[in-house]
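Just so you know, these numbers use all the heavy atoms, side chains as well, and skip hydrogens, waters and symmetry mates.
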Amino acid sequence: MPETSPLKTSAFALPEHLARKAEPKLIGSDEQHFEAIAASLAESIAELSNRLDATRKQPGGRGQAALDRDQEIHRITARLRALRRFGLDLCLGRMVGADSPDPVYVGRLGLNDSQGRRLLVDWRSPAAEPFFGATHANPMGLASRRRYRWTRGRISDYWDEVFTADGLQNNAALDDQSAFIASLGSSRSARMRDVLGTIQADQDRIIRAGSRGALVVDGGPGTGKTVVALHRPAYLLYSDPRLSHRGSHRKSDVLFVGPHQPYLAYVADVLPSLGVEGVQTCTLSDLVPEGATAGVESNPDVARLKSSVDMVKAIERAVKFYEEVPAKGMEVETPYAEVWLSSEDWAEAFDAAEPGTPHNEARDDVWEALLEILMDKLAGQDVPESLLRKAFTHNAELHTNFNRAWPLLDYKGLVADLWRVPAYLRLCAPWLQPDETATLQREYPEAWTAEDLPLLDAARQRLGDPEASQRRRSQEATLAAERELMDRVVDDLIAADDSENMEMYMLRGDDMREKLVDLDALPTPDPDVLAGPFAHIVVDEAQELTDAEWRMLLLRCPSRSFTVVGDRAQARHGFSESWEERLERVGLGNVTLASLGINYRTPAEVMAEAEPVIRAALPDANVPTSVRSSGIPVVHGTTQELSSILETWLAKSPEGTACVISRRDAMATKATLDRVSWLTPELSKGLEFDLVVLLDPEEFGDGFEGAGMEGAVDRYVAMTRATQQLVILRSGGQPST
């Protein structure tokens, strides 16, 4: 557990070779400040713990009072969790203004002492912006900046940067490397490490951009796109009241969409380390239950047809087919009279469904409208309304015709019928040519592929939950039973009331009846947290999304507030348009483009070999400039050398991770080695490793041919995962030297 009591040992644990940085004149003021932070942390945690206990012991209450209590518990718990997760390493660094000698310390969270003195400013606040944004070209009023490196709760190194001539005289701990560049040489792990303290000015500028419209973050490998993508939700939830879930009943406000599960596992620690609440993370496949088992579409023509927005729009036609007003009327028999229900009456009932209400959930509205129309026709009859309603409700023929006119639909069956029944597909997608209709038919319609997921999602959203009506009726029945029981209790209380003012008669009031019913005991459905709506959506590796997949996300974000992160040069199926053209075509307007052009991750040696690969397929690719060199040349050899290369690297490198990237099915029989991953080119996207070994890269892309854009992109992506060394092995190639 992090240290949260006043310091008993120094916050600094600098190694011997950094002894010059441990001089009291350099770190003495920091030591005093960390003492104050430790004391404040201990006080804050104790005070919040007591407040949480007291709040939990308060009566739960009802209505708004219960909601307020729950939100207070949630707020205190979230703050406690953030404070307990860190100790002194809440502090990222400090900055000194050119006009003020007093340093300002920047933290993951804001923190005051008991007298209200600011000990840490929150990294997301405007006051902290110079800490990340200052450069020598634009110092933003700073004289100097210090960044800390924390290891197991103590400072193992720190770096000073100065922006004025006076700073050179007052800082003896200057280094040739900045904190960020120094961190790039450290070994990678299975999880993305904490990088908040080393965010660069170009990245910070984009993180702090506004949330209106679509912000596109375009950058090549190693430019920090993922850093921006992960820190931007934390900033927006802090700074934008429209996105904050405070005071809202929603469980989530921001959706973060990554390219695949290995990527989500890699970045899983980042958002919690920022103390972020209210962000759901997923892949596109997670948005639909069938995504977990969806296969790969082997027919490129089928993939192309299903990926269009037009095919998603066909779902609306498919549903409308089941909302057709009956062409003929019918006679409805009751014990009291026969009633004619005309086609016009049916149309009137259908219009009762509120626009936007899912088909299955609108059934109750249409049914109620039909009953009202029928009962109005017998308004002159001397029959109690309850009996009329019962007669119509139990009319089997009316039910049969209603189920035929507005049936309960299953979204999977609806989509499967498109691939099963050619006439139905022609009706719903009349723009398809006969050969295209035939191409989309298949023997096993419910053998879902990734290209089916947007259509399944559209159908699921449009139809709604087929059991919603049954749950609603069950809830209403439970509520009615509760009220009936309470009425009997009230009757008994009134009968026994012998007070002068007969106070028990007050229980007859409608408001009091509602208060007596335990609404919390009623069954409620589990929410589908990924269905939205979300106030903001962040999409990483967005260059891969098809038009149909974009529709999945647009359905979940009515505000059209997006952060779109990607690289046109890493689009496996090509990206001939500009970002503005692509997003406007799928329905995202108000597009702002922000570019990242500095490659902080990939060594110059690796980029020298990777750049020609992508330039050959995409001459105008946004290839970033590397700012560092590993000093390790790219090695070429034969696949027979794989085992020895991995064993040698593991022996020489006690830390770090390696990855073998291959297209071959033989990977399924790979040996298991600690710290070595085995991935396809697609699943390596967004990740980074110290050592990357490519096996027969000519086989990447389309099958084993590697021709065209897909093969070039796969090779480019795979090569640029390396942070230290790249090895390329080929079958039958020359042994490495």
Legend entry - With Arg51 via side chain to side chain contact (heavy atoms under 4.5 Å, CB included) - residues at least two apart: Glu47, Leu48, Thr55, Glu72, Arg75, Ile76

Inset, instruction - Using the test side chain to side chain donor-acceptor pair (under 3.5 Å), find all partners of Ser49 that sit at least two apart in sequence or belong to another chain. - result: Arg84

Inset, instruction - For Arg205, check side chain to side chain donor-acceptor pair (under 3.5 Å) against everything at least two apart and list the hits. - result: none

Legend entry - Inter- and intrachain pairs under side chain to side chain donor-acceptor pair (under 3.5 Å), touching residues 124-135, at least two apart: Asp122-Arg124

Inset, instruction - Apply side chain to side chain donor-acceptor pair (under 3.5 Å) to Tyr148 and list each qualifying residue two or more places apart in sequence or on a separate chain. - result: Asp30

Legend entry - Qualifying residues under ring pair (Phe, Tyr, Trp, His ring centres under 6.0 Å), relative to His33, sequence neighbours excluded: Tyr105

Legend entry - Test side chain to side chain contact (heavy atoms under 4.5 Å, CB included) applied to Asp113 - qualifying residues, sequence neighbours left out: Gln115, Arg117, Leu119

Legend entry - Residues which pass side chain to side chain donor-acceptor pair (under 3.5 Å) with Asn112, listed by chain and number, not counting sequence neighbours: Arg118

Legend entry - Those residues that, when tested against Tyr263, pass ring pair (Phe, Tyr, Trp, His ring centres under 6.0 Å) (two or more places apart): none

Inset, instruction - Under the side chain to side chain contact (heavy atoms under 4.5 Å, CB included) rule, collect the residues that match up with Pro262, sequence neighbours excluded. - result: His260, Leu683, Leu687

Inset, instruction - Output all residues satisfying salt bridge (Lys or Arg N to Asp or Glu O under 4.0 Å) with Arg556, sequence neighbours left out; order by chain, then residue number. - result: Asp457

Inset, instruction - Take Arg154 and Asp89, measure what salt bridge (Lys or Arg N to Asp or Glu O under 4.0 Å) needs, and give me the verdict at the end. - result: CA-CA 7 Å; Arg154 300 179 72 187; Asp89 49 352; over 6 Å; no

Legend entry - Partners meeting side chain to side chain contact (heavy atoms under 4.5 Å, CB included) with Ser561 (sequence neighbours left out): Ser211, His536, Ser559

